[in-house]
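Chain A is the first sequence line, chain B the second, and so forth, proteins listed ahead of strands; every chain is numbered from 1. Hydrogens, waters and symmetry mates are skipped; everything else that's a heavy atom, side chains included, is used.
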There are 2 protein chains.
Amino acid sequence: MGNLTHHHHHHPVDPEKFQAELKDKLNSLGYRYTPQRQQIVGLFLSEEGHLTAKEVTEHVQQQSASIDQATIYRSLEFFYKIGVLSCSQMGGQTVYEIAHSVPHHHLVCTNCDTVMPLDDHHFDDLVAHLWQDHQFRAELTHLTISGLCGHCAN
Amino acid sequence: MGNLTHHHHHHPVDPEKFQAELKDKLNSLGYRYTPQRQQIVGLFLSEEGHLTAKEVTEHVQQQSASIDQATIYRSLEFFYKIGVLSCSQMGGQTVYEIAHSVPHHHLVCTNCDTVMPLDDHHFDDLVAHLWQDHQFRAELTHLTISGLCGHCAN
DNA sequence: CTCCTTATTGCAAATAGTTGCAATAATAAC
DNA sequence: GTTATTATTGCAACTATTTGCAATAAGGAG
């Protein structure tokens, strides 16, 4: 499986501030901001783009001695559930990234593996339709749409 | 994880005929229709709806002595690649079903786990838009859209 | 600063899914 | 039917992910 490149306009974020606010948020919810969790979030703040659980494990274990893989899997799941990370399926792999305030989806080229963001509003019509004609309240999380990018379509 | 129920209008298929035609198709492509593959396809023809690899393994190994799990995983992948089975992600699980001639997607209620089919044509506008404004040739395989069904939305 | 509660971790074992390879058996050709 | 070819299988080992549980330590209260 090829590298998952990533072409994103990056919301500038102050890591210090982000982490401080995150700690407050977790504490107010009764959760704890452990060094392990700090490192994992720190990694996502420093590395641009999507990371698999395996990649997180490698990076994190390189820095700090031994954070167990179970901790990493549990942390990714945890941050996903509380909305700090987003999670999507890409080429059979589960990838995580910092959850932007503006939800977005991904276009993945099956030929060159380029990942392009796709704004959420493109699904507004579909969501409205599902609600009106199917009585279904769609909760669109990060969809991954495969296909060929303009470059590879030729 | 709860049972994945399934509410589908079923294309009536004659299993005998289906299997015979499948054998010819595979042979003409240089593949072989082994007893293992026959059993797996037979299961999908008899069981309505989606099955996970684990469910397939259980059913198949119950009937016939010992078909290895590797064979099952490889067969599911194989049938998916040649278009006999379709594959989609549902609640973190990979599920397979007989690929209908008319592509469709799934609406999954996050509350009661009901699965509803959603016709492919609902994405025509989106696909056209992606092509015109993003130069992206979307290949929509089976999308799974989570949300609340009309029943649970109240 | 110390103590208490309990969320979280690390460990180890279990469950999922994948892969290399020699043995097997489905086809096609004769 | 027999034989040759090679796709496919079973096995076993491996990687990926999950889970139970006792030990640890974060954060609130005093």
Between [N] ([atom2]) and [X] ([atom1]): distance, integer Å:
{"X": "Arg32(A)", "N": "dT5(C)", "atom1": "CZ", "atom2": "P", "result": "12 Å"}
{"X": "Leu26(B)", "N": "dA25(C)", "atom1": "CG", "atom2": "C1'", "result": "16 Å"}
{"X": "Ile72(A)", "N": "dT17(D)", "atom1": "CD1", "atom2": "P", "result": "12 Å"}
{"X": "Leu76(B)", "N": "dT9(D)", "atom1": "CG", "atom2": "P", "result": "11 Å"}
{"X": "Leu29(B)", "N": "dA26(C)", "atom1": "CG", "atom2": "P", "result": "19 Å"}
{"X": "Tyr31(B)", "N": "dA28(C)", "atom1": "OH", "atom2": "C1'", "result": "17 Å"}
{"X": "Asp68(B)", "N": "dT19(C)", "atom1": "CG", "atom2": "P", "result": "15 Å"}
{"X": "Tyr33(A)", "N": "dG27(D)", "atom1": "OH", "atom2": "P", "result": "10 Å"}

| Nearest heavy-atom neighbours spanning Cys149(B) and Phe136(A) |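 So the two residues come closest at CA-CD1, 3.8 Å.
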
| When you match Lys23(B) and Ala70(B) each to their closest nucleotide on DNA chain C, which lands nearer the 5' end? |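 This one resolves to Ala70(B).
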
| Starting at the 5' end of DNA chain C, which residue's closest nucleotide do you reach first, Gln36(B) or Thr71(A)? |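 Nearest-nucleotide comparison on DNA chain C picks Thr71(A).
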
Using a heavy-atom cut-off of under 4.0 Å over every strand shown, decide if [X] touches base, sugar-phosphate, or nothing.
{"X": "Tyr73(B)", "value": "base"}
{"X": "Gln69(A)", "value": "base"}
{"X": "Arg74(A)", "value": "base"}

| Selection from dA26(C), dA26(D), dG10(D) that lies nearest to any side-chain heavy atom of Thr34(B) |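 Looking only at side-chain atoms, Thr34(B) lies closest to dA26(C).
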
| Selected nucleotide, minimal atom distance to Lys54(B) side chain, candidates dA16(C), dT9(D), dA26(D) |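 Nearest listed nucleotide: dA16(C).
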
| Is the distance between the ring centroids of Phe79(B) and Tyr96(B) under 6.0 Å? |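 No, too far apart.
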
| request: Note the angle between the end axes of the helix from dC1(C)-dG30(D) to dC30(C)-dG1(D), five pairs defining each, rounded to 10 degrees. | output: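 One end axis against the other gives 30°.
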
| Looking only at atom types and distance, does a side-chain atom of His59(A) sit under 3.5 Å from a main-chain N or O of Val56(A), one as donor and one as acceptor? |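 It does not hold such a pair.
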
| Quick one: does Gln89(A)'s side chain have a donor or acceptor within less than 3.5 Å of a partner on Thr144(A)'s backbone? |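 No; zero donor-acceptor contacts below 3.5 Å.
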
| query | Using 4.0 Å as the upper bound for N to carboxylate O, is an ion pair formed by Lys25(B) and Glu21(B)? | reply |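 Lys25(B) and Glu21(B): not salt-bridged.
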
| Identified side-chain hydrogen bond (donor to acceptor under 3.5 Å, both in side chains) counterpart of Tyr33(A) within the set Gln19(A), Gln38(A), Lys23(A) |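 Looking at Gln19(A), Gln38(A), Lys23(A), the match for Tyr33(A) under the side-chain hydrogen bond (donor to acceptor under 3.5 Å, both in side chains) is Gln19(A).
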
| message | Do His122(B) and His105(B) pair up side chain to side chain, a donor and an acceptor below 3.5 Å, judged on atom types alone? | response |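 Not at all, the side chains of His122(B) and His105(B) share no donor-acceptor pair under 3.5 Å.
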
